[in-house]
Each structure stands twice: as structure tokens, then as C-alpha cells.
Amino acid sequence: MKKSLVQVTLAAALLLGGGHLFATNVDVTNSTIIQNDSTLESFKVYGNCGMCKKTIEGSLKDQAGIYSAIWNKETKLIEVDYNENDISLQEIKKKIAEVGYDTEEKRATEKAYRNLSGCCQYERAEPK
Ligand SMILES: [Cu+2]
């Protein structure tokens, strides 16, 4: 008899606590930067306009390990959601450089840069 009372109390505590835990989990899912094999990185990519956005994001589209890539032309920041097992941050920056866009760590070749349309030829930082 005493044992079942303990069980009921435990069950009630679990229900109450469980509800709280669930609410906490939802919060974590919405704000965390790592979920399962997904890593979210944000870094600067030099560029100008909406066309740059298409090219920058397009360089990562359909790449293995890339879940999403969104570049903001106001902040010049790209947010890449990717799987580190399939692609590295270095490789991501290389892909972006290949289509003509500089990041702080990886500079596009002059040729790739000049291939951009005139409106997209952003002001480059001096080479290091
Ligand atoms: Cu552009």
C-alpha cells in the first residue's frame, strides 16, 4: 500500500517535471546551434547585392553535407548549416571563393572575381 503511494507520487512528479522538461527541450531546440550532426557557422563573405546572394548561396547548393546557406547582403554574413563529417569549414570557404567571393580566410582568384558582373564586383579588402 505504501509502495503504491510512492509510485503515484513519483508518477505525479514525473508528469509535472516531465512537462517542464518538455518545455525546456523545446526552448533548446529553437535556440541551440548544434542539432544532431548539424553545425551552424556564421562568417563574413564580401559582396554587394541580391545577385551576389544568389551566387554565394548557389556555390553551396547541392553540396554534400550542406543543409542550408543564407547570406545577408546588409550584414555580409552567411549562416551555413552543415555536417562536419561531410564538409569542412575550409572547404565551404573554398567553394565560395571559387565563384568569386572573398572571405576573411580565403580569397577568390582575380579571374573568378573579374568574372562577376560589374554590379557584383564588390570592394575587396587588400590582399594580406
Ligand atoms: Cu551582386
Side-chain angles (χ1 to χ4, degrees):
M1 200 60 188
K2 197 178 176 189
K3 191 181 171 195
S4 72
L5 180 67
V6 169
Q7 278 171 345
V8 168
T9 310
L10 257 178
L14 270 177
L15 268 175
L16 292 169
H20 174 69
L21 271 179
F22 180 71
T24 306
N25 281 343
V26 169
D27 275 357
V28 166
T29 307
N30 286 337
S31 62
T32 190
I33 56 164
I34 295 168
Q35 34 175 297
N36 302 328
D37 281 338
S38 145
T39 301
L40 197 59
E41 279 286 350
S42 183
F43 55 91
K44 185 172 181 177
V45 181
Y46 291 83
N48 286 337
C49 64
M51 212 160 115
C52 298
K53 179 175 165 72
K54 269 207 174 120
T55 312
I56 294 167
E57 292 174 358
S59 73
L60 298 175
K61 212 178 159 205
D62 301 328
Q63 289 292 334
I66 302 286
Y67 299 129
S68 75
I70 299 161
W71 183 71
N72 182 319
K73 71 174 178 180
E74 313 299 336
T75 63
K76 317 290 185 205
L77 290 175
I78 192 168
E79 202 168 77
V80 186
D81 187 4
Y82 66 103
N83 186 334
E84 283 179 314
N85 300 317
D86 295 328
I87 192 163
S88 70
L89 194 54
Q90 292 278 43
E91 288 169 314
I92 290 171
K93 289 173 178 172
K94 196 174 154 217
K95 293 282 172 203
I96 295 171
E98 277 170 7
V99 296
Y101 290 89
D102 296 346
T103 58
E104 307 282 2
E105 296 79 15
K106 182 83 192 151
R107 193 175 164 90
T109 61
E110 283 300 315
K111 187 168 176 261
Y113 174 79
R114 284 203 214 95
N115 275 342
L116 297 172
S117 347
C119 69
C120 289
Q121 294 192 0
Y122 55 94
E123 212 168 301
R124 305 186 90 177
E126 287 303 309
K128 282 166 197 165

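Considering every non-hydrogen atom in both A69 and I78, the closest pair reads CB-CD1, 4.3 Å. Among all heavy-atom pairs drawn from E79 and L40, the shortest one is CG-CD1, 3.8 Å. Counting all heavy atoms, side chain and backbone alike, A125 lies closest to R107 at O-NH1, 2.7 Å.
S117 contributes no side-chain N or O that, together with a main-chain N or O of C120, makes up a donor-acceptor pair within less than 3.5 Å. A donor-acceptor distance shorter than 3.5 angstrom exists from the side chain of Q121 to the backbone of R114, with no hydrogens or angles considered.
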When the side chains of residues 89-100 are checked against the rest of the protein, which donor-acceptor pairs come out under 3.5 Å, sequence neighbours left out?
from: E91; atom 1: OE1; to: S88; atom 2: N; distance (Å): 2.8
from: E91; atom 1: OE1; to: S88; atom 2: OG; distance (Å): 3.3
from: K93; atom 1: NZ; to: E105; atom 2: OE1; distance (Å): 2.8

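Note that CD1 of I56 is 13.0 Å distant from CD1 of I70, once rounded to the nearest 0.5 Å.
Residues forming a side chain to side chain contact (heavy atoms under 4.5 Å, CB included) with S68 (at least two apart in sequence, or on another chain): D81. Checked against side chain to side chain donor-acceptor pair (under 3.5 Å), E110 has the following partners two or more places apart in sequence or in another chain: R124. Checked against side chain to side chain donor-acceptor pair (under 3.5 Å), N83 has the following partners two or more places apart in sequence or in another chain: Y67, N85.
Residue pairs meeting the salt bridge (charged side-chain N to carboxylate O under 4.0 Å, His left out) criterion with at least one member in residues 54-66, sequence neighbours excluded, are K53-E57. Pairs engaging residues 69-125 under the ring pair (Phe, Tyr, Trp, His ring centres under 6.0 Å) rule: Y101-Y122, Y113-Y122 [sequence neighbours left out].
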